[in-house]
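For the numbers below, each heavy atom of this structure counts, side chains included, while hydrogens, waters and symmetry mates do not. Quick note on labels: first sequence line is chain A, next is B, and so on, each numbered from 1.
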2 protein chains.
Amino acid sequence: MKPDNKIKVLLTDDHKLIREGIEAMLSNTPDIEVIGSVGSGEDAVNYVREKRPDVVLMDIVMGGMSGIEATRWIKDLDPSIKILLVTMEISKEYVSAGIKSGVDGYLPKDIDKKMLVDAIKQVSRGERYFNEAIMKLVFEEFYTHEKLKSPINKLPNDLTKREFEILGLVASGKTNKELAEMLFISIKTVETHKTHILEKLNLKNTNELIKYAIKHKIISIDSL
Amino acid sequence: MKPDNKIKVLLTDDHKLIREGIEAMLSNTPDIEVIGSVGSGEDAVNYVREKRPDVVLMDIVMGGMSGIEATRWIKDLDPSIKILLVTMEISKEYVSAGIKSGVDGYLPKDIDKKMLVDAIKQVSRGERYFNEAIMKLVFEEFYTHEKLKSPINKLPNDLTKREFEILGLVASGKTNKELAEMLFISIKTVETHKTHILEKLNLKNTNELIKYAIKHKIISIDSL
DNA sequence: AAATATATCAGGGTATACCCCGAGGCCTCT
DNA sequence: AGAGGCCTCGGGGTATACCCTGATATATTT
């Protein structure tokens, strides 16, 4: 972008009043120019097909095509076009769906001029614009989602304390000898424990034990 | 929790020094009592089996079972026990894995006393403790993950076709003898291939080979 | 008091994995 | 024709894992 070129912005909102409000807000900024203003997602996509704005301010809730859907289309046409979603309230579904469709930022509708200008400049530079509230929301969703989808690991609870302890260490790659040394017991004892573990878990050897341990998340793949 | 009962805390870290440091930090707090201090994930799980702490402070990186895995096991035993992960540096993988395993909070190791006490009290009330940096990190991961789904699992190695074939079979649990029989080659040849594989992948033995294979999706966990 | 579970260890054995060395046949590329 | 990579195989060795049979001590349970 040449320094004398303003950032070309397209406004999309089915409320004319809001479009005009935003346009007024941006009217006196030196680096930003509103080059268009449309009232539907379809129009936004068509507009982008002909003229190429740098940034699209997109309302989420509109009659017809939603802002999310329009975003998908526009990003498919030209991923370099930056899209800022604008929304009344921050909702989980919209944030997640918006991210999936490839938006570059999220704005509340009650934004002030400075934030708006900052956001537009930021995404036009290729950065993203998400405020704390959004990130917190994403975190919450991520947290509950990740937690719920974690499978319940059946525990081989007929193992004794010592056996359990050894199970973890064997799975992490320790040899019998190493175990004997680090636990201050003889190799024979380690072998006995291991034999019992293999019996109880119905396994054949250390190799199967490792696979068992990974499958049942006794050790994690990340730690490998 | 009765008001006259202190919050019972278990410390888990394989560095005794750090355990003692944290214990000293918590020694003069009226509402918190350190009831135990162990040096491994296995010990933590076993300890929790007998005594029931309210909160477990858990190091992530430990010899043997990781703090993440220990968390999973403890949460499976008793989800009401709150777990705070403690880590040197904040890493994407750990945060994500930690959340999946059900942790209630995340602490950096260079925490001061006030933050530590706050975090413990907060999770013991059933709230979560994650700071801004963590949430931002999760957001970043969520964003890139949702946007770019690039599950290209390439194998950055110079294994030959034959070696690769054998890698898969070894990982699936075949012994050298079995391989020799099913491939109609001698055990010596199998050994040679395996030696080359171990060299090229910088591994030590079959155990590590299995872990490597699982990590790199050469064999799937489901097939175990 | 007796039975059971747990943790410890030993002898003596076999099977397997892993190591170091060398080597011949086959292919492709230069 | 030579060089190099790949696949094949061997001798001979050590280390480790695994198996079988027992044994002792301690603690818990019945």
### Summary
Value for OG1 (B:Thr29) from NZ (B:Lys113), rounded to nearest 0.5 Å, stands at 6.0 Å
### Query
What's the spacing between A:Asn207 CG and B:Asn207 CG if we round to 0.5 Å?
5.0 Å
### Residue-level proximity of residues 181-196 of chain A to DNA chain D when a heavy atom falls under 4.0 Å
A:Lys188, A:Glu191, A:Lys194
### Summary
Value for CD1 (B:Ile210) from CD1 (A:Ile210), rounded to nearest 0.5 Å, stands at 5.5 Å
### Task
To the nearest 0.5 Å, tell me how far B:Met58 CE sits from B:Thr12 OG1.
5.0 Å
### Spacing of CD1 belonging to B:Ile187 relative to CG belonging to B:Leu179, to within rounding of 0.5 Å
9.5 Å
### Task
Answer yes if the side chains of A:Thr192 and A:Thr189 hold a donor-acceptor pair under 3.5 Å, and no otherwise.
no
### Task
State whether A:Glu191 and A:Lys194 are salt-bridged, where the test is any N-O pair (Lys NZ or Arg NE/NH1/NH2 against Asp/Glu carboxylate O) under 4.0 Å.
no
### Inter-end axis angle, the helix from C:dA1-D:dT30 to C:dT30-D:dA1, with every axis fitted to five base pairs (rounded, 10 degrees)
40°
## Note on the structure
One should read off an interatomic distance between B:Glu181 CD and B:Lys174 NZ, to the nearest 0.5 angstrom, of 11.5 Å
### Query
B:Lys161 or B:Asn207: which one's nearest nucleotide on DNA chain D is closer to the 5' end?
B:Lys161
### Message
Assess whether a salt bridge exists between B:Arg19 and B:Glu23, defined as any Lys/Arg side-chain N lying under 4.0 Å from an Asp/Glu carboxylate O.
### Response
no
### Message
Reading DNA chain C from 5' to 3', where do the contacts with chain A start and stop? Cut-off is 4.0 Å to heavy atoms.
### Response
C:dT6 to C:dG12
#### Entry: salt_bridge(A:Glu165, A:Arg162) N-O dist < 4.0 Å
yes
